[in-house]
Amino acid sequence: MALQRSSAGTDAGHVPTETGAAAGPDPTAVRPRRPGPPAPVFVLGSVVCVQLGQALGKGLIDDVGGPWGVVALRLALAAVVLLLWRRPRLPAARGDRLLVLAFGTSIAGMNLVYSAMAYLPLGVAVTLQLLGPLAIALGSVRRWRDALWGVLAVVGVLLFAAPGAAGSLPAAGLAYALASAAAMGSYLLLSRRAGARSHGAGPLALAVAWAAVLTVPYGLVESGAARLTGLSTLAMALGVALLSAVVPYSLEFTALRRLPVRVVGVLQSLEPVVAGLAGLLLLREWLTAVQWAAIGCIAAASAGVVATGQRPEPS
C-alpha cells in the first residue's frame, strides 16, 4: 500500500526533532508543481501508441486464427496490467458501478475495429472508426469557427476512406468499422464522465477488465486456448496491449479531464494519418493518392482546433 500523506504534503505523524529554532525554510513544505505537458500532448501520444499497437495487432490476426483472438489477448493482458498497477476498488454507489459497466462495454465495442481490419486496410478501418468522435465533436460545437474545423476534418475523412469506387470496400468491413465508430463516440463521453467522478484511474482499470470479460469468450471460441497461450504469441500480445490499450487509454483518461470532448474528438482525426503511416511501415499497406491528399485536410483540422479550441469559452 502506498504511503498515505497528509494534505500538507508531509508524512502523518512527523514530529520536529528540535524546538525553539529560528524560523527558516521548511524542507518538508509543499513546492509548487511544475506545469506538465499541454493536454493535447496526451491525446497525440495516445494516437501514436494506439496505431502502432493496432498495426502490430493486425499482424497477429493470422497467427492466432482471427481478430477476436487478438482482441481477447489485448484486453485480457491490458486488464491484468491495469488492475495490478491501479489496484482499484469496486465503486460503492450503484450509479458508479453502472457507469463502469457502460464504459467497459464501449471499450469492448471499439475493438470491433479489429474485425474491420480483417477486411480493410488499417488506415481505412481507423478512418471509418473516427466518424464516431467526429460526430461528437460536431454535435457539441458552440462557435462557428470550431464547426468549420470539424467540417474540414469530415472532408478529410471522406476522402481518406474512399480508395476508388464505393463498392470496393467490403460490406462486412464497413459494418464492423461503423459499429466501432459508434462505440468510440460513446467511449469518449463515458470516459470523461468517469474521469469527472473519480480522482484516479480506477474506473478505467475496472472498465478494461469488464471489456475483457465480454470479449475473451469470443476469442477462445474463435481461436482456441492453445493458439492464444504460446509464449511468442503472448509476448507479442503484451506489446500490443501496452501500446494499443494501457498507454493510450491512460493518456486519453488524463486528457479528458483537461480538454472538452469535442477538442479530443477532432484531435483524434490525426489517427488516420498515423494509421496510414503505421500500415505502410509495418504492414506494407499502400494508400492511394486521394487518401494521402486527405491527410492535409485532417492535419489542418487538428492544428486548427488546437489553435482555437484551447481559449476559454465565455460563461
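Numbers for residues simply follow the sequence, beginning at 1.
- In this structure, the side chain of S180 does not engage the main chain of Y176 through any donor-acceptor pair within 3.5 Å.
- Atom CG of residue L206 and atom CG of residue L83 lie 6.5 Å apart, to the nearest 0.5 angstrom.
- No side-chain donor-acceptor contact under 3.5 Å links Q51 to the backbone of V274.
- A chain of hydrophobic side-chain contacts below 4.5 Å, direct or via other Ile, Leu, Val, Met, Phe, Trp or Tyr residues, connects I61 to L243.
- By the criterion of side-chain heavy atoms lying less than 4.5 angstrom apart, applied directly or through intervening Ile, Leu, Val, Met, Phe, Trp or Tyr residues, L234 is grouped together with L220 in one hydrophobic cluster.
- Within the model, atoms CG of L101 and CG of D96 stand 11.0 Å from one another, a figure rounded to the nearest 0.5 Å.
- In this structure the side chain of S186 never reaches within 4.5 angstrom of the side chain of M110, judged on heavy atoms.
- More than 12 heavy atoms of other residues, nucleotides or ligands shown are found within 6.0 angstrom of CG on L84.
- Between the Q54 side chain and the S244 main chain, no donor and acceptor come within less than 3.5 Å of each other.
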Worksheet item: What do the steps show when you test W85 against V246 for side chain to side chain contact (heavy atoms under 4.5 Å, CB included), and what is the final call?
Response: CA-CA 10 Å; W85 178 19; V246 175; 4.1 Å; yes
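- The shortest side-chain heavy-atom distance between V100 and L90 does not fall under the 4.5 Å cut-off.
- Between the side chain of S191 and the main chain of L188, no donor-acceptor pair closer than 3.5 Å is present.
- D63 approaches R227 most closely through the heavy-atom pair O-NH2, 3.2 Å.
- In this structure a side-chain-to-backbone donor-acceptor pair under 3.5 Å is missing from S223 to L228.
- Side-chain atoms of R74 never come within 3.5 Å of backbone atoms of A237 as a donor-acceptor pair (strictly under, hydrogens ignored).
- Under the side chain to side chain donor-acceptor pair (under 3.5 Å) criterion, S46 pairs with E252, sequence neighbours left out.
- Nearest heavy-atom pair, L178 versus L128, reported as atom, atom and distance to 0.1 Å: CD2-O, 4.5 Å.
- The nearest pair of heavy atoms linking A211 to A108 is CB-N, 3.8 Å.
- In this structure, the separation between CD1 on I107 and CG on L204 is 6.0 Å, given to the nearest 0.5 Å.
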Note to self: Please determine whether side chain to side chain contact (heavy atoms under 4.5 Å, CB included) holds for the pair W68 and L112, giving the CA-CA distance in whole Å, both sets of side-chain angles, and the decisive distance to 0.1 Å.
What the structure shows: CA-CA 9 Å; W68 283 108; L112 287 168; 3.7 Å; yes
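- To the nearest 0.5 Å, the span separating OG1 on T215 from CG on N111 amounts to 6.5 Å.
- Scanning all heavy atoms of the two residues, the minimum distance from A245 to A78 falls at CB-CB, 3.7 Å.
- Connection of Y218 to V208 is established within a shared hydrophobic cluster, with ILVMFWY side chains joined at heavy-atom distances below 4.5 Å, either directly or through further cluster members.
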Please determine whether side chain to side chain contact (heavy atoms under 4.5 Å, CB included) holds for the pair L73 and T233, giving the CA-CA distance in whole Å, both sets of side-chain angles, and the decisive distance to 0.1 Å.
CA-CA 9 Å; L73 286 172; T233 299; 3.7 Å; yes
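- Rounded to the nearest 0.5 Å, atoms CG (L282) and CG (L52) are 6.5 Å apart.
- Smallest separation of non-hydrogen atoms from L120 and K58: O-NZ, 2.9 Å.
- Every residue was checked against the ring-ring contact (aromatic ring centres under 6.0 Å, His included) condition with Y114, not counting sequence neighbours, and none meets it.
- Of all heavy-atom pairs between G173 and A116, the closest is O-CB, 3.6 Å.
- Using a 4.5 Å heavy-atom threshold, the side chains of L122 and E285 count as touching.
- Using a 4.5 Å cut-off between side-chain heavy atoms of Ile, Leu, Val, Met, Phe, Trp and Tyr, with links allowed through other members, V64 and L238 fall into the same hydrophobic cluster.
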Margin query: What verdict does the side chain to side chain donor-acceptor pair (under 3.5 Å) test give for T105 and W210, after you've listed the backbone C-alpha separation in whole Å, the side-chain angles of each residue and the deciding distance to 0.1 Å?
Written below: CA-CA 7 Å; T105 302; W210 175 244; 3.2 Å; yes
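- Transitive grouping of hydrophobic side chains (ILVMFWY, heavy atoms separated by less than 4.5 Å) brings V48 and L56 into a common cluster.
- With values rounded to the nearest 0.5 angstrom, L270 atom CG is found 9.5 Å from L130 atom CG.
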